[in-house]
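Comments concern the structure below.
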Amino acid sequence: MARGMNTMPTMRRGRTVYTPGPNDKRGLGGFCSVIFLLAILSLPPLILFGSEMARHSRYVALSDAMNSEIVELNHLNGEEVRTLGNSPVNVNSVVPNGALVHGVSSSIDTITSDAQAGIQIPGALALKRKTEYCQWQEIATQQCQTCTRTVKAADNSSKEESYQCNCITQYDYVKTWRDRRINSLMFDQPGAHHNPQRDPMPSRTFVSEDAELTFHEGVGEMIDEVTHRNNGKGGGLKARLDPNMLSSGIRKQPWRKIDFVLNGMAPPPSYFSRLFSFFGMPKRNTRYEPLQMLKDTPYAPAATQDGFAYVGQGGYFFSPYESPSTTSKLFNFFVQYMEGSLFDWQMGDLMPSCTAGDVRFSYQVQDPNKVSVLGQLRSNAHSSGLQITPRIMNRDGSSESSVGLVHSGSNTAQQMIIAEDSDSRNAALFVRALLFLWAIPASRLAGVALGRELGESTFSVQLEGVIGVFATLLGGVWFTIWGTDVGSRDTIIFFVMGAYFGYLSFKSSVRRGGGRWLNAVWCRIGRWANVPPEWRVEDSYVVEGSTRTDSKRL
């Protein structure tokens, strides 16, 4: 008999490890620590460049759409609708070639499916399969003492530095359902907490391949009245929605979880749900479907090949982890013996929790009652109908350079363009905020390369250095991407401001020991990566010249 799905988490106490002496990272660990730190320091400028490129492409595409002629599908009269419906190949007779079209529809005919699981959801424009994995997670808690040591430079000058030593590391393990797989190979006790890496049904988002919208004549609430009056009687302009229009989802349409229950009847709310709703908490927006919709799932590949079955408990499909071969079991027992966990029985082992390697998935759906679309109306080469497709600005076909918008509710074309521009700007602002945080270590590295020690300077000098690096880099990226076409004034201001603040920081920061700038940068990175002193030998700790302070400036 197959195991059922358990949801209770399990906790186990791991080993306590005492490491005397310095807590430096040596050997392969030190090498990996340096490589990881170099990646962290190098990636943000590349991410910024990609983000600003996407922002530029999106701005250009949306600006072109705003300045273009937009045909309102809900404003077409009956004769124009009949012309398009009878002769879709002659689109240009009603809609100018290359023109954008905008429309609002509350008549949405669509079905979105997941063929691998045998699921079909009517009325869904987008369907998301959310997969979860039963996995162990290692939690390491470390407590160290602070010691001091004397480090020497190449010219025999010395300096006192503090470091972590005599560390006690406590390992704990928690097993529960997670949205990603965890590699247990590097665990302190991988044998007792092995995570199988099976992934038969990864998370995926499906969009409707044949969504058909009907655009009735009218404005605002009149569209709903006309739609209700003509329900089942035809009328209005029908057009299919290209799947690429849904690649970015439906803006302002929340994802609703799907639960399959008897007769599709929602269960009565629990006591806590009623209590939370009494205090104004939002109700759970779950979509309930009848169990009869799952009649094809036992014959789908997910069930026949990977053993998935619907178990309910919130709309989950569950596949238990099958026991490995005898050879694998013996090898795992050997690893547990070597790590000392073979006979380490704990209370957590008795808890009815999931088994590491179990997989479950559920579904979420976007099924709006009314949508607003902005795209390009074309005749469908594969059928006799019309199709709304994204308008591509560049040859790369990226989502940033195309205009194919689907928003929930009734929105004008201008409102849709402004909302998309706001989303693009907010995404760019988020990356810029992360770059400002990156500028903190970057400014200190730049100071080290120039013979300055920002970390020992006053807060105002450190802030000047951070603003200098941030504004100079951002201004340079803007100039590279935008040039002098748009926002040249902001670009020049940012670049000049960054150079000015960088100069102030350089003149006012604390001087450090001399030497080669590349070696100084390497030694600082090595210190941050916690590698031993013999890996990072400074040229000199002797400070030449005097130090200027804020009080002497101006």
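Note: hydrogens, waters and symmetry copies are ignored here, and every other heavy atom, side chains too, is used.
- Between Trp177 and Phe318, the ring planes are perpendicular. Angles over 60° get that label, and only those under 30° would be called parallel.
- Residues Gln253 and Arg251 bring no donor and acceptor atom of their side chains to less than 3.5 Å of each other.
- Residues Glu420 and His407 bring a donor and an acceptor atom of their side chains to less than 3.5 Å of each other.
- A distance of 12.0 Å separates CG of Leu127 from CD1 of Ile111, quoted to the nearest 0.5 Å.
- If you check the side chains of Ser319 and Arg198, you find a donor sitting under 3.5 Å from an acceptor.
- For the residue pair Arg55/Ser424, the side-chain donor-acceptor check at 3.5 Å is satisfied.
- Between Ser68 and Arg391, the side chains place a donor N or O and an acceptor N or O closer than 3.5 Å (distance only, hydrogens not considered).
- Shortest non-hydrogen contact noted between Asn74 and Val104 is OD1-N, 2.7 Å.
- Under the 3.5 Å distance criterion, with hydrogens and angles disregarded, a donor-acceptor pair is assigned to the side chains of Tyr316 and Glu132.
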For this session: Show the numbers, then the answer: is there a ring pair (Phe, Tyr, Trp, His ring centres under 6.0 Å) between Phe308 and Tyr310?
Result: CA-CA 7 Å; Phe308 280 95; Tyr310 183 71; over 10 Å; no
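- Residues Gln135 and Ile182 come closest through the heavy atom pair OE1-N, 2.9 Å.
- Glu322 CD: 12 or fewer foreign heavy atoms inside a 6.0 Å radius.
- Thr205 and Lys128 are not linked by any side-chain donor-acceptor pair at a separation below 3.5 angstrom, with hydrogens and angles left out of the test.
- Taking the centre and axis of the six-membered ring of Tyr133, the NZ or CZ atom of Arg178 falls outside the cone set by 45° and 6.0 Å.
- Residue-environment remark: CG (Asp423) exceeds the threshold of 12 foreign heavy atoms within 6.0 Å.
- Residues Trp482 and Tyr59 place their aromatic rings such that the two centres sit under 6.0 Å apart.
- Checked for salt-bridge contact, Asp421 and Arg58 miss the test: no charged N lies under 4.0 Å from a carboxylate O.
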